[in-house]
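First the proteins, then the strands, lettered A, B, ... as listed; each starts at 1. Note: hydrogens, waters and symmetry copies are ignored here, and every other heavy atom, side chains too, is used.
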Amino acid sequence: MSDDQSPRRQGAEGANAGYAALGYLMSGIGLWGFLGWLLDRWLGLPHIGLMLGLVVGTALAVYLIVKRLGA
Amino acid sequence: MTELAITGSLAAIGYGLAAVGPGIGVGIVFAAYIQASARQPESAGFNRTWLFMGFALSEALALIGVALGFVWAKG
Amino acid sequence: MLAEGKTPFPPSVEDFFLPGLGGQPWISKITVLLWIGVALVILFFLLAYRSPKLVPTKSQWVAESMYGMIRDGVAKETIGHEGIRFAPYLTSLFLFILVTNLWGIIPVAQISPNSHIAFPTFLALLSWVMYNYVGIRKHGFAKYIKLNCFPPGTPLWIAPLLVPMEFFSNLILRPITLAIRLFANMFAGHLILLVFTLAGFALLGANAVFIKPVSIVAWALAIVLTLFETVIAVLQAYVFVILTAAYLQGALAEEH
């Protein structure tokens, strides 16, 4: 990533990074939230696993995004 | 005077309300990043981490809203 | 269709499923538009390249500059030097999406085949198969999966939590978002134009006299939004191609 980037290249990179971040968030929240929800259905808990899954998924997604996309 | 009735999914309305905050938040995050890197272009790389962190944290609220909307769609 | 005062005002999803031409169920306007679009692209390039000259003619210049734009601006810029071999695919992808998107604007046609999810889905699947194939052929299956699913430099205890997320977002979610982005933009664009155009007729057919002139505002907005849709059509074609190129680059890269 040198300084002589054309605006188009920057734009493409920005779009890619933005959609990647969104994808990580969706997969993190969706995946772990769904697993938590399954846990709830299995054990008959009142949405505790779901909440835990959502929060953990969010945290993991944010960690992954900062790790991968934050330079 | 007829009775007003709303048909359809209340969860959709709830999600619409829940998406307002993250929408504004994401806008502010990117606006601040653009402003910061326009004033100090050399700080753009350093600020990128915080840009994505701020974006992810506020966007996460909207996505949690989607998930909860599906879970509580049936009331 | 819109001539009578009884307009079906709130447009719905059913408005996207056009009846077959002449009563048969197989060929509808969508199919015809698709064929015409493909034929236009093929014919244009055939004609432009029928007798290529060193000093290009006008149509040859247009064709060459379009190909050059994608080759230099997308393939080379995003993927790097080895991206040139993907330039033909990216160019035909871009032109196909562009032409089919622009059907949504052009009078008489005014619906984009891409507002049916089947077309974006197939395009996204094509790109998905392609970048996975290219990546697997370059790195081998195991290494490709590892590159895609194992974020470098994470502590070992947190990796099991991250690997499913990486797998899900890199290998499953990507084609889905690729397809849905194009589909949703075209679907919403057509729906918005329908809303404003039909609202004009609905306002014109209103009982109160002073509401009738408001239909002018609705039609004016429909025209403005049509111009806006033109921008969206070009932009979405470009974004689709850019993201395909970015995924190809990611599949070929040694480390993300």
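- Within the 4.5 Å cutoff, side-chain heavy atoms of Pro164(C) are placed close to those of Trp32(A).
- Heavy-atom contacts from other residues, nucleotides or ligands closer than 6.0 Å to CZ of Phe16(C) number more than 12.
- For Ala61(A), the parts lying under 4.5 angstrom from a heavy atom of chain C are both the backbone and the side chain.
- Annotation: maximal heavy-atom pairing with chain A below 4.5 Å, among Ile176(C), Leu162(C), Ile158(C), occurs at Leu162(C).
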Working for side chain to side chain contact (heavy atoms under 4.5 Å, CB included), residues Leu22(A) and Thr177(C): CA-CA 10 Å; Leu22(A) 203 58; Thr177(C) 53; over 6 Å; no

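- Nearest heavy-atom pair, Leu173(C) versus Gly23(A), reported as atom, atom and distance to 0.1 Å: CD2-O, 3.4 Å.
- Heavy atoms of other residues, nucleotides or ligands lying less than 6.0 angstrom from NZ of Lys146(C) number 12 at most.
- Note: Ser169(C) OG to Leu64(A) CG = 7.0 Å, rounded to the nearest 0.5 Å.
- One distance of note links CD1 of Ile29(A) with CE of Met165(C); it measures 9.0 Å at 0.5 Å rounding.
- Residue Arg137(C) qualifies as open at atom CZ: its count of foreign heavy atoms under 6.0 Å is 12 or below.
- Phe167(C) is not listed as a side-chain neighbour of Leu31(A), based on a closest heavy-atom distance of 4.5 Å or more.
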Full working for side chain to side chain contact (heavy atoms under 4.5 Å, CB included) between Met26(A) and Phe168(C): CA-CA 9 Å; Met26(A) 276 158 76; Phe168(C) 193 69; over 6 Å; no

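- Few gaps surround CZ on Phe44(C); more than 12 heavy atoms of other groups in view lie less than 6.0 Å from it.
- Remark: Tyr133(C) OH is loosely packed, at most 12 non-hydrogen atoms of other residues, nucleotides or ligands lying under 6.0 Å away.
- A cation-pi arrangement, defined by a distance under 6.0 Å to the six-membered ring centre and an angle within 45 degrees of its axis, is absent between Arg174(C) and Tyr19(A).
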